[in-house]
Amino acid sequence: MTFNHHLRTGVALALAFVGIGCSGESAKPMDKGGAPILPLGAEPRDLTTDHDATTMRIAVAHYGSTIEEELDGYISLRAFATDAPVAVDLVSESTDAGPGHAWVVHPSSPLTPGWYALVLSADSMRGLGNGHKRADGGTEVRFRVGSQPLLTEVGACASNSNAELPKIRLDFSESVTLPAGNVPVEVMVDGAPASCAVYDEPSAANHALGLECTPPIPAVSAISVSVGQGIVSASSGLDLATSAGALPQTYELPSMAQQESCRYWHETEVPAE
C-alpha cells in the first residue's frame, strides 16, 4: 500500500460524528485527552452495489487538541471473498462541508466486478460509521463493483406521533426500477393486509421506495412486509437479490428501539455471487 500524505505532520485529528443513530447509550469511548472517539464516515456505505470503484472515502474532522494520529497502517481495501489485500494509494483531501478531510482510497489498478471490503483495523481504536464488525475486531464497509441489486433495509416509520407508523420504506443497494403498473410489496398488520400507496418512487438519486399506509399502522402492531419479483436494477436489469435466496421474501419488523421513531429490518449478509 502506498500512502500520499497531503496533511502536515502533527495535525491533530478527531473523528467525525457520521451516520450514528440514537442507541440509548449514555457514554461513548474516550481518547486519552477526554474527547470522544467516534466512528469515521465512509463512502460507499455498507452493502452498496454498482459502485464505480474509482474512489472510496473515509471522512474525518480535525480539532486542535485531541488525537494526534495518522491513519496509515489502519486502512485497507480487501477482496471480500478471500480477505486478500488490494493495492491502493491513500490520499488526504480537504472536504467542502465543515472542518475536516477525507481520506480517499484509490485502487492501484482497476477493480474487477465482485464484492470488496474497505477495512479499518481494530488497532485504530475506532470503527467505520454504518460499518460491519469483523471477527478480528475491526470494522468494514462491504460494497460491490458491478450491479447486483440488494434489498438492504425495510422500515416502518412515524410521522406526527410515535404511536402510529404510516410510512413504509424499502432501501436498495443501487438504483432500481419498479414493474409497470404494479408494486410487488404487501404490508401485513396483525395478519391482515394494509392499504398502502406509493408516495416516493426509486430514482437515480433515491435508492428507496416509500409507501404510505391508510389508516396509519399502530406502532404496537405486528408488521411484516413481503417483497415479490419484478424489481430490477436500473443499470443492468438484473433482478433484486437477497441473502436468503430468491424472491418472494417476507420480513418481520422488530419492536421499535428506544429513542427511535422507526421499526427496522436490516440486511447484514453479503449475498452469494
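All figures in this text were calculated on a predicted structure; none of them were measured in a lab.
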State which residues pass side-chain contact (heavy atoms from CB on, under 4.5 Å) with Q229; sequence neighbours excluded, sorted by chain then number. L247

Qualifying residues under side-chain contact (heavy atoms from CB on, under 4.5 Å), relative to T48, sequence neighbours excluded: P44, R45, F143

Is there side-chain contact between I217 and I223, with at least one heavy-atom pair below 4.5 Å? yes

Return a table of donor-acceptor pairs under 3.5 angstrom between the side chains of residues 177-191 and protein atoms on other chains or two or more places apart.
| residue | atom | partner | partner atom | Å |
| --- | --- | --- | --- | --- |
| D190 | OD1 | A222 | N | 2.8 |
| D190 | OD2 | S221 | OG | 3.2 |

How far does CG of N130 sit from CG of L40, to the nearest 0.5 angstrom? 12.0 Å

Looking only at atom types and distance, does a side-chain atom of S224 sit under 3.5 Å from a main-chain N or O of E252, one as donor and one as acceptor? no

Taking atom OG of S173 and atom CG of D50, what is their separation to the nearest 0.5 Å? 8.5 Å

Do V104 and I75 sit in the same hydrophobic cluster, where Ile, Leu, Val, Met, Phe, Trp and Tyr count as joined when their side-chain heavy atoms come under 4.5 Å apart? no

With a 4.5 Å cut-off on side-chain heavy-atom distances among I, L, V, M, F, W and Y, is there a chain of contacts connecting M256 to L211? yes

Would you check if W265 and V225 make a side-chain contact, meaning some heavy-atom pair closer than 4.5 Å? no

Considering all heavy atoms of both residues, which atom of L128 and which atom of T139 are nearest to each other, and what is their separation? N-OG1, 2.8 Å

Within one Ile-Leu-Val-Met-Phe-Trp-Tyr cluster: I168 and V198, side-chain cutoff 4.5 Å: yes

Do V86 and V270 land in one hydrophobic cluster if side-chain heavy atoms of ILVMFWY residues count as linked below 4.5 Å? no

Going only through I, L, V, M, F, W and Y residues with side-chain contacts under 4.5 Å, is there a path from F80 to L120? no

Do V176 and H207 make a side-chain contact, defined as non-hydrogen atoms from C-beta onward lying under 4.5 Å apart? no

Can you tell me how far the OG atom of S255 sits from the CD atom of E260, to the nearest 0.5 Å? 12.0 Å

Rounded to the nearest 0.5 Å, the CG atom of L151 sits from the CG atom of L47 at a distance of 11.0 Å

Of all residues at least two apart in sequence or in a different chain, which pass the side-chain contact (heavy atoms from CB on, under 4.5 Å) check with D83? R78, R134

Write down the atom of I231, the atom of V227, and the distance for their closest heavy-atom approach. CD1-CG1, 4.2 Å

Compare all side-chain heavy atoms of L150 with those of P271 and state whether any distance is below 4.5 angstrom. yes

Can you run down the disulfide bond (SG atoms under 2.5 Å apart) pairs that involve residues 206-273, sequence neighbours left out, and say none if there aren't any? C157-C262, C196-C213

Tell me if a side-chain donor or acceptor on D46 pairs with a main-chain N or O of R142 at a distance below 3.5 Å. yes

Whether N206 side chain and E201 backbone form a donor-acceptor pair below 3.5 Å: yes

Residues pairing under side chain to side chain donor-acceptor pair (under 3.5 Å) where one sits in residues 152-167, two or more places apart or in two chains, turn out to be E153-H266

Test side-chain contact (heavy atoms from CB on, under 4.5 Å) applied to S226 and Q249, step by step: CA-CA 6 Å; S226 297; Q249 295 285 341; over 6 Å; no

Roughly how far, to the nearest 0.5 Å, is CG of L209 from OH of Y199? 8.5 Å

Do E140 and L118 make a side-chain contact, defined as non-hydrogen atoms from C-beta onward lying under 4.5 Å apart? no

Side-chain heavy-atom pair W115, T49 within 4.5 angstrom cut-off: yes

Evaluate the side-chain contact (heavy atoms from CB on, under 4.5 Å) criterion for residues V91 and H106: first the C-alpha distance (whole Å), next the side-chain angles of each, then the deciding distance (0.1 Å), finally the verdict. CA-CA 8 Å; V91 180; H106 297 280; 4.0 Å; yes

Any non-hydrogen side-chain atom of R263 less than 4.5 Å from a side-chain atom of L165? yes

Is there a side-chain contact between Y264 and L253 in this structure, where contact means two heavy atoms from C-beta onward sitting under 4.5 Å apart? no

Using only heavy-atom distances, determine whether the side chains of E174 and S147 contain a donor-acceptor pair under 3.5 Å. yes

Minimal heavy-atom distance between Y116 and A79, with the atoms involved, is CD2-CA, 4.0 Å

